[in-house]
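Since the structure comes first, as structure tokens, the remarks are kept for the end.
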Amino acid sequence: MIVNTMTKPATAVAVQPEGAAVAPQSRPAMGFLTPANLGEAMKMAEILADSSIVPKDFQGRPGNVLIACQWGAELGLQPLQAMQSIAVINGRPSIWGDAMLGLVQGSGLLDSIHEEISDDGKVATCTLRRRGHAQPISRTFTMEDADRAGLSRKDGPWKQYPKRMLQLRARAFALRDGFADVLRGVAIAEEARDTPVMRDVTPEGAPVSTAEKVRAKVSAKKTKAEGPSLSEVLEKIGAAATEAALNEVGADCGRLPDADKDQARRAYADRLAELRASDLDRIESLLAAELDAGADLDAVLETYAEQIDDLRAKDSGAAEAMIARLRG
């Protein structure tokens with residue numbers, strides 16, 4: 001089965017004519033969002049962070065806005081595009097798969113791209129050609145690969161729309177291998193959020209005595225038995241970038257003293273609402289961008305059917321309201 005990455009009904013597959021380079025896309029001027037110095041940049045970041053129409057992760061966080069805009073500038077994204085396309089996961093910036101493809105298409109270096117999923121839905125292949133290179137670049141990601149990495153057993157998008165996740169992994173490998181100069185080492189968000197958090201286990205300072213090691217172990221066991229503190233749980237809740245990560249913090253909430261449980265549960269509920277609203281904002285912005293480019297609404301809804309169904313499962317009223325806004 002061929003995966004259609006375009007939104008126009010008459011297009012069967014996202015393939016550009018072979019040998020015809022894709023022209024770089026023109027980018028509009030930033031207008032008043034053009035800071036001349038750090039002070040103006042911080043002022044711009046504060047204004048954007050104070051807005052209710054930027055993604056939830058940037059609201060009230062001007063520092064994050066500033067860094068995201070700088071990352072976007074280095075990749076060729078305007079400030080608002082950067083905040084929509086960049087996700088900070090495990091402390092490192094990454095970009096969503098559709099934005100990664102858009103950057104490469106806009107570079108003018110892509111001759112063609114062909115994405116395919118096997119009939120059984122277990123193998124995704126992305127083949128692309130770079131201008132001036134005779135050999136195509138083809139990368140494959142299979143459900144067997146996902147099983148080995150423990151991805152297919154995780155709750156979330158891997159269970160809800162596995163074909164799309166296979167497609168994005170194959171696409172990311174091909175784009176990063178073929179256009180490292182365009183992407184500048186930035187990872188794809190769909191892969192970064194499945195990567196375990198790395199811990200620094202390098203010993204520091206002078207060797208530790210046996211007695212000190214024993215005391216440290218006893219202290220660690222005592223701390224674990226007592227359970228996490230409220231501040232630790234609140235910090236984990238605030239750092240959760242996905243619902244799956246937030247669910248892992250739920251067990252810690254139950255281990256808190258009764259006096260702290262209500263506050264932790266309120267923070268949990270607030271963060272869950274933020275994550276779901278962020279997903280809704282991201283999908284709505286993607287759909288609106290497709291419509292602005294002249295795509296047919298019904299075709300767009302069909303292309304993003306799995307993501308929209310996921311939104312409906314979380315909040316059917318919000319999903320239907322989004323579709324109504326797009327039709328209006």
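Below, all heavy atoms of this structure are taken into account, side chains as well, without hydrogens, waters or symmetry copies.
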Solution key, residues 318-328 side-chain donor-acceptor pairs under 3.5 Å, sequence neighbours excluded:
from   : atom 1 : to     : atom 2 : distance (Å)
Glu320 : OE2    : Arg312 : NE     : 2.5
Glu320 : OE2    : Arg312 : NH2    : 3.4
Arg325 : NE     : Glu284 : OE2    : 2.9
Arg325 : NH2    : Glu284 : OE1    : 2.7

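Judged by distance alone, the side chain of Asp145 and the main-chain N or O of Thr142 form a donor-acceptor pair under 3.5 Å. Remark: the backbone N or O of Val54 is paired with a side-chain donor or acceptor of Gln59 at under 3.5 angstrom. Between the side chain of Glu232 and the main chain of Ser229, a donor-acceptor pair closer than 3.5 Å is present.
Side-chain contact check for Leu128 versus Phe179: some heavy-atom pair is nearer than 4.5 Å. Taking the side chain as every heavy atom from C-beta outward, Ile117 and Leu166 never approach each other to under 4.5 Å.
Exactly one of Leu66, Ile47, Asn37 qualifies for a side-chain contact (heavy atoms from CB on, under 4.5 Å) with Met42. That residue is Leu66.
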Legend entry - Pair Gln167-Arg164, side chain to side chain donor-acceptor pair (under 3.5 Å): steps then yes or no: CA-CA 5 Å; Gln167 176 192 2; Arg164 177 66 172 170; 3.2 Å; yes
Inset, instruction - Evaluate side-chain contact (heavy atoms from CB on, under 4.5 Å) for Arg184 paired with Leu75, printing each intermediate quantity in order. - result: CA-CA 8 Å; Arg184 302 178 186 275; Leu75 292 171; 4.3 Å; yes
Inset, instruction - Could you check Asp98 against Arg171 for salt bridge (Lys or Arg N to Asp or Glu O under 4.0 Å), going step by step and ending with a plain yes or no? - result: CA-CA 10 Å; Asp98 292 332; Arg171 175 193 294 178; 3.2 Å; yes
Legend entry - Intermediate values then yes/no, side-chain contact (heavy atoms from CB on, under 4.5 Å), Leu48 and Met44: CA-CA 6 Å; Leu48 294 175; Met44 179 193 75; 4.1 Å; yes
Inset, instruction - Let me see the working for Leu183 and Arg176 under side-chain contact (heavy atoms from CB on, under 4.5 Å), right down to the final yes or no. - result: CA-CA 7 Å; Leu183 300 175; Arg176 291 173 66 188; 4.1 Å; yes
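Here the closest heavy-atom approach between residue Ile86 and residue Gly72 is recorded as CD1-N, 3.7 Å. Between Val182 and Ser107, the shortest heavy-atom contact is CG2-CB, 3.9 Å. Nearest approach of Gly132 to Asp111, heavy atoms of both residues: N-OD2, 4.5 Å. Here the closest heavy-atom approach between residue Pro62 and residue Ala45 is recorded as O-CB, 3.3 Å. Contact between Val233 and Ala264 at its shortest, heavy atoms only, is CG1-CB, 4.3 Å. Minimum heavy-atom separation, Ala82 to Cys69: CB-CA, 4.3 Å.
Taking CG of Leu168 as the start and CZ of Phe141 as the end, the distance is 11.0 Å to the nearest 0.5 Å. The structure places CD of Glu115 at 6.5 Å from CG of Leu101, a figure rounded to the nearest 0.5 Å. To the nearest 0.5 Å, the span separating CD1 on Ile95 from CG on Leu77 amounts to 7.0 Å. Interatomic distance, Leu38 CG to Lys43 NZ, rounded to the nearest 0.5 Å: 14.0 Å. With rounding to the nearest 0.5 angstrom, the OG atom of Ser85 is 11.0 Å from the CE atom of Met100. Here CG of Asp270 is found 11.0 Å from NZ of Lys56. Values are rounded to the nearest 0.5 Å.
Checked against side-chain hydrogen bond (donor to acceptor under 3.5 Å, both in side chains), Asp262 has no partners two or more places apart in sequence or in another chain. Remark: Pro55 engages Phe58, Met83, Gln84 in a side-chain contact (heavy atoms from CB on, under 4.5 Å) (not counting sequence neighbours). The side-chain hydrogen bond (donor to acceptor under 3.5 Å, both in side chains) search around Lys236 returns Asp252, not counting sequence neighbours. Partners of Asp181 according to the salt bridge (Lys or Arg N to Asp or Glu O under 4.0 Å) rule, which considers only residues two or more places apart in sequence or in another chain, are Arg130. In this view, Glu144 and Arg148 satisfy the side-chain hydrogen bond (donor to acceptor under 3.5 Å, both in side chains) rule, not counting sequence neighbours. With sequence neighbours excluded, no residue satisfies side-chain hydrogen bond (donor to acceptor under 3.5 Å, both in side chains) with Ser51. Among residues two or more places apart in sequence or in another chain, the side-chain contact (heavy atoms from CB on, under 4.5 Å) test is passed with Glu302 by none. Applying the salt bridge (Lys or Arg N to Asp or Glu O under 4.0 Å) test to Lys159 and every residue at least two apart in sequence or in another chain returns Asp155. Evaluation of the salt bridge (Lys or Arg N to Asp or Glu O under 4.0 Å) rule for Asp177 yields Arg139 as partners, not counting sequence neighbours. Shown here are the side-chain contact (heavy atoms from CB on, under 4.5 Å) partners of Asp147, two or more places apart in sequence or in another chain: Met143, Ser152. When the side-chain contact (heavy atoms from CB on, under 4.5 Å) test is applied to Thr127, the partners found at least two apart in sequence or on another chain are Thr125, Pro136, Ser138.
No path of Ile, Leu, Val, Met, Phe, Trp and Tyr side chains, each step under 4.5 Å between heavy atoms, connects Val123 with Phe173, placing them in separate hydrophobic clusters. Linking ILVMFWY residues whenever their side-chain heavy atoms come closer than 4.5 Å, directly or via other members, places Ile137 and Val104 in the same cluster.
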